[in-house]
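Please read the structure below before turning to the comments.
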Number of protein chains: 2
Amino acid sequence: MPAMIATFRALAEPNRLHIVELLRQGPRPVGHLVRRLRLRQPQVSKHLRVLSAAGLVDVRVDAQRRIYALRPAPLQQLELWLEKYRRLWEGNFQRLDALLDNLKSSEQKSRKKKHLRRAIGSDHP
Amino acid sequence: MPAMIATFRALAEPNRLHIVELLRQGPRPVGHLVRRLRLRQPQVSKHLRVLSAAGLVDVRVDAQRRIYALRPAPLQQLELWLEKYRRLWEGNFQRLDALLDNLKSSEQKSRKKKHLRRAIGSDHP
DNA sequence: TACGAATATTCTTGTCAAGGAATATTCGCT
DNA sequence: AGCGAATATTCCTTGACAAGAATATTCGTA
């Protein structure tokens, strides 16, 4: 799961996310990215290094050029991780919370709130 | 798409990711998180603030306690974003690149490489 | 009303990461 | 051999941010 952190950190930088989006269309040499982004060549190289360290990107050497390509693995991992959360919006799980909240608004508060507290927000569930 | 950045930034911090994982099991008061994480209460509150600002989390007030709950929206967005990349590992797209790379290893380089350059890594695709 | 529980906020400090500028490296070509 | 193109690396400065410590706020309750 520290792999997940590396992925998030890499993608949290706007320019890097942009690079990833550009590479979605296929492998590209550095110069191509430099022209698309509002960045100078050294920064692009640096960002590519970070992406590479995070395993998000792969280099292929072609003479003086380096062709960078997306590596699917980290994104697959990300999708895998996300799946654990899908029930949050697929099932009506968790919205139970909002429902109870609404109910609470149309009642006197003291006794009922204690019930809710034990039922949902309990500290020792 | 700056929303995506906010999500990534929020999740890029290990403790915050941990909080999110904990909240996956349902809404929880701050104290519960404090006990689970290796963090002091103020830091947890701060991290919750960041998560809240990123829209990843929601508060419900219950007397002195604040019950935090995951908000599905940003994660849904994330999944949506990821879908654009799914073809990277579903189709055999992009692995074309690795294939050509392997071929290259078992041939003389000069003429062939020029062809590859134009075909794949071109600067003006 | 005073107190304690639960949580938030402020201030400070150290660390790390991103951009800028300059330079180094590598390769093809003539 | 030397030059220019393409890319990487280094050094520096600055800003953001996380942790620590201390304090403030809010609420229920005796």
Side-chain angles (χ1 to χ4, degrees), chain A residues 5-6 8-19 27-54 57-69 108-118 121-124, chain B residues 5-6 8-19 27-54 57-69 108-118 121-124:
Chain A
I5 291 287
F8 283 135
R9 288 186 30 130
L11 299 176
E13 214 284 331
N15 296 306
R16 281 196 296 262
L17 183 56
H18 198 176
I19 290 181
R28 291 288 185 275
V30 180
H32 179 260
L33 304 171
V34 170
R35 238 163 291 117
R36 294 282 190 276
L37 303 164
R38 275 304 185 187
L39 278 183
R40 305 175 193 279
Q41 177 267 319
Q43 330 295 337
V44 174
S45 282
K46 289 183 215 172
H47 283 307
L48 284 169
R49 198 142 90 101
V50 176
L51 288 172
S52 179
V57 125
D58 226 5
V59 211
R60 172 163 63 85
V61 178
D62 173 64
Q64 318 107 42
R65 302 203 293 176
R66 312 292 158 106
I67 315 286
Y68 283 85
Q108 48 269 65
K109 19 196 274 193
S110 43
R111 280 231 330 257
K112 200 64 181 184
K113 278 181 73 175
K114 286 194 179 176
H115 289 156
L116 287 179
R117 197 184 309 165
R118 298 272 168 229
S122 169
D123 210 350
H124 302 289
Chain B
I5 291 286
F8 283 135
R9 289 189 25 136
L11 297 178
E13 214 282 333
N15 297 305
R16 282 196 296 263
L17 183 57
H18 198 175
I19 290 181
R28 293 286 185 275
V30 179
H32 179 260
L33 304 171
V34 170
R35 239 163 290 118
R36 293 281 190 279
L37 303 164
R38 275 307 184 184
L39 279 182
R40 306 177 192 279
Q41 177 267 318
Q43 329 294 338
V44 174
S45 281
K46 288 185 216 171
H47 283 307
L48 284 168
R49 197 142 92 103
V50 175
L51 289 171
S52 179
V57 123
D58 225 6
V59 212
R60 172 164 63 83
V61 179
D62 173 64
Q64 318 106 42
R65 301 202 293 175
R66 312 291 157 105
I67 314 285
Y68 282 86
Q108 48 271 66
K109 18 195 278 194
S110 44
R111 280 231 329 259
K112 200 64 181 184
K113 279 181 74 174
K114 287 193 177 178
H115 290 155
L116 286 180
R117 198 184 307 163
R118 298 273 168 228
S122 168
D123 210 351
H124 302 288

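A quick note: this is a predicted structure, and the numbers were derived from the prediction, not measured.
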Below 4.0 Å: OP1/OP2 of dC17(D) and any side-chain N or O of H47(B): no
Distance in angstrom units between R49(B) CZ and dA8(C) C1', rounded: 8 Å
Interatomic distance where NE2 belongs to H32(A) and C1' belongs to dA5(D) [whole Å]: 18 Å
Nucleotide of dA21(D), dG28(C), dT9(D) approaching S45(A) most closely (side-chain heavy atoms): dT9(D)
Sugar-phosphate only, base, or nothing, as touched by R16(B) at under 4.0 Å among non-hydrogen atoms: sugar-phosphate
dC27(C) OP1/OP2 closer than 4.0 Å to side-chain N/O of R65(A): no
R35(B) CZ to dT7(C) C1', straight-line distance once rounded to whole Å: 13 Å
Q43(B) CD - dT9(C) C1' separation (whole Å): 12 Å
4.5 Å side-chain heavy-atom contact, L33(B) and H47(B): no
N/O donor-acceptor pair under 3.5 Å between R66(A) side chain and V59(A) backbone: no
5′-ward residue of the pair V34(B)/R38(A) relative to DNA chain C: V34(B)
Candidates dA19(D), dG28(C), dA18(C) - which lies nearest the side chain of A63(A): dG28(C)
Short side-chain N/O contact to dA6(C) OP1/OP2 from R66(B), under 4.0 Å: no
Stepwise side-chain contact (heavy atoms from CB on, under 4.5 Å) check, N15(A) with Q43(A): CA-CA 9 Å; N15(A) 296 306; Q43(A) 330 295 337; over 6 Å; no
Nearest-angstrom distance from the residue atom CD of Q64(A) to P of dG28(C): 7 Å
Atom pair distance, as rounded to whole Å: CZ in R60(B) and C1' in dT7(C): 16 Å
Sugar-phosphate, base or nothing in reach of R9(A), heavy atoms under 4.0 Å: sugar-phosphate
Between C1' of dT9(C) and NZ of K46(B), the distance in whole Å: 9 Å
Reported CG-to-CZ distance for the pair L48(B) and R16(B), which is rounded to 0.5 angstrom: 10.0 Å
R35(B) (side chain) donor-acceptor with G31(B) (main chain) under 3.5 angstrom: yes
dA6(C) phosphate, OP1 or OP2, under 4.0 Å from Y68(B) side-chain N/O: no
No-H, no-angle donor-acceptor pair, Q41(B) side chain to dA8(C) base, under 3.5 Å: yes
Between dG20(C) (P) and L39(A) (CG): distance, integer Å: 7 Å
Listed nucleotide nearest any side-chain atom of P42(B), set dT7(D), dA18(C), dA22(D): dA22(D)
